[in-house]
Amino acid sequence: MTSATSLLFFAIHFACIRAGNSFETFVKLECKTEYHGVYGQQSIVECIVKPVVEDLTIITVTWKRVGAAGKAAANLLEYHKDKINPTPGFKFAEPSWNKKNMNVSLLLTNTKMADNGEYECEVETDVGTAKATPSLSVTAKYKTPTMSSIPDTNIQENTDVTIFCNSTGGHQKGLIWWFDHSGNNWTRSAELVAKETDDGLFSLASKFTVLKATSSYTNYTCKVLNVNGALEGKASFEIQFVSRNLGSKADNLDSVSNTKWLAPVVVIGSLIIGLLASLLFFKKRSAQRGHQTDTRHDEDVEAKGLNSDSPQDQHSSL
Ligand SMILES: *[C@@H]1O[C@H](CO)[C@@H](O)[C@H](O)[C@H]1NC(C)=O
Ligand SMILES: *[C@@H]1O[C@H](CO)[C@@H](O)[C@H](O)[C@H]1NC(C)=O
Ligand SMILES: *[C@@H]1O[C@H](CO)[C@@H](O)[C@H](O)[C@H]1NC(C)=O
Ligand SMILES: *[C@@H]1O[C@H](CO)[C@@H](O)[C@H](O)[C@H]1NC(C)=O
């Protein structure tokens, strides 16, 4: 950089400083023009006093919200006569701020939608005053949607099923898109109702009816988008059919219980058959035995007869 251009830059810079603090050049208040806050969280509107002279002391600090149509609004935070007067929800961002601390940033402890807008910070020091009007832009995101259906469970084939996709928490009216499991866009068939809630946020409820739903297409996805078309949440839902899966499970259970009751039947049955068989066997055997003893007896008798006969014969022969 040549000395001429750097001199030019310096001149422009100096001119800007002068323009920003036309009423006082010994003190300057530096803030960004816009800060971002998120609903329900802490937000900071950062402003730093830039002393042009050494050893500057702050006398008063006043933080205000600039109302609609630029009307003066209530003080949010004030430092005056060595005393800090805060309003609930607003304080110095520096935990133990004092008049020697040049960081006069404002902290919002729990950001509301109503905190969106323009702020005014005015600082009076022992060498002059400075003022700035930064703004805070508050956003809120939609939460992950919740889904439900009517009817909810044990749905039969070819029933019309209405699926809901609900989400809350957005700071502007959003959109809900619907897709089936193969990515077909069903948004045109859905009905969206957006309501503004008390806290300035929106709630979305979208209703999509699947006509003659079949268990081959059970999975539906909804996506929540903010007003700019950015995705803020998504959820998937499965229609709860009295499905084949459940049916086969029941079948399994049946077959399991079948074998459960079948086993004792088989055991008892085979026991009975075994008993009958052995009974028959024993009966046959005992019948055989009876016959055998009978024959043996006969033999004995015969033998006896023979024996008795023989001596007789012998006798007779003798
Ligand atoms: C001012 O104070 C806040 C809170 O302590 C801090 O987050 C921020 O960084 C400070 N800014 C500067 C420029 O030091
Ligand atoms: C979604 O909103 C609808 C309509 O307000 C309601 O009937 C349904 O129960 C809600 N579902 C869930 C999961 O919150
Ligand atoms: C889905 O359909 C809606 C309504 O017709 C349309 O605005 C949106 O761009 C579609 N989204 C995609 C990802 O195709
Ligand atoms: C449904 O489909 C989506 C997208 O294809 C997938 O991420 C999700 O896991 C599926 N859900 C169920 C319950 O199968």
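We count ligands from 1, going down the list as the structure has it; atoms in each ligand are counted the same way.
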Show, in sequence, the C-alpha distance, side-chain angles and deciding distance for D199 and K112, and conclude whether the salt bridge (Lys or Arg N to Asp or Glu O under 4.0 Å) test is met. CA-CA 8 Å; D199 43 8; K112 304 273 189 294; over 6 Å; no
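Salt bridge present: K99 and D82 bring a charged side-chain N and a carboxylate O closer than 4.0 Å.
Figure legend: K223 and F179 shown as a cation-pi pair, the cationic atom lying under 6.0 angstrom from the six-membered ring centre and within 45 degrees of its axis.
By the SG-distance test at 2.5 Å, no disulfide connects C121 to C31.
A centroid separation of 6.0 Å or more is found between the aromatic rings of W63 and F92. H171 has its ring centre no less than 6.0 Å from the ring centre of Y39.
Applying side chain to side chain contact (heavy atoms under 4.5 Å, CB included) to S167 and the options V224, T146, T144 leaves one that passes, V224.
Atoms of ligand 3 lying under 4.0 Å from at least one heavy atom of R188, given by number and element, are 5 (O). Annotation for ligand 2: atoms under 4.0 Å from non-hydrogen atoms of S148 are 11 (N), 12 (C), 13 (C).
Protein residues are said to neighbour a ligand when one of their heavy atoms lies under 4.0 Å from it; for ligand 1 these are I44, E46, I48, A93, E94, N103, S105.
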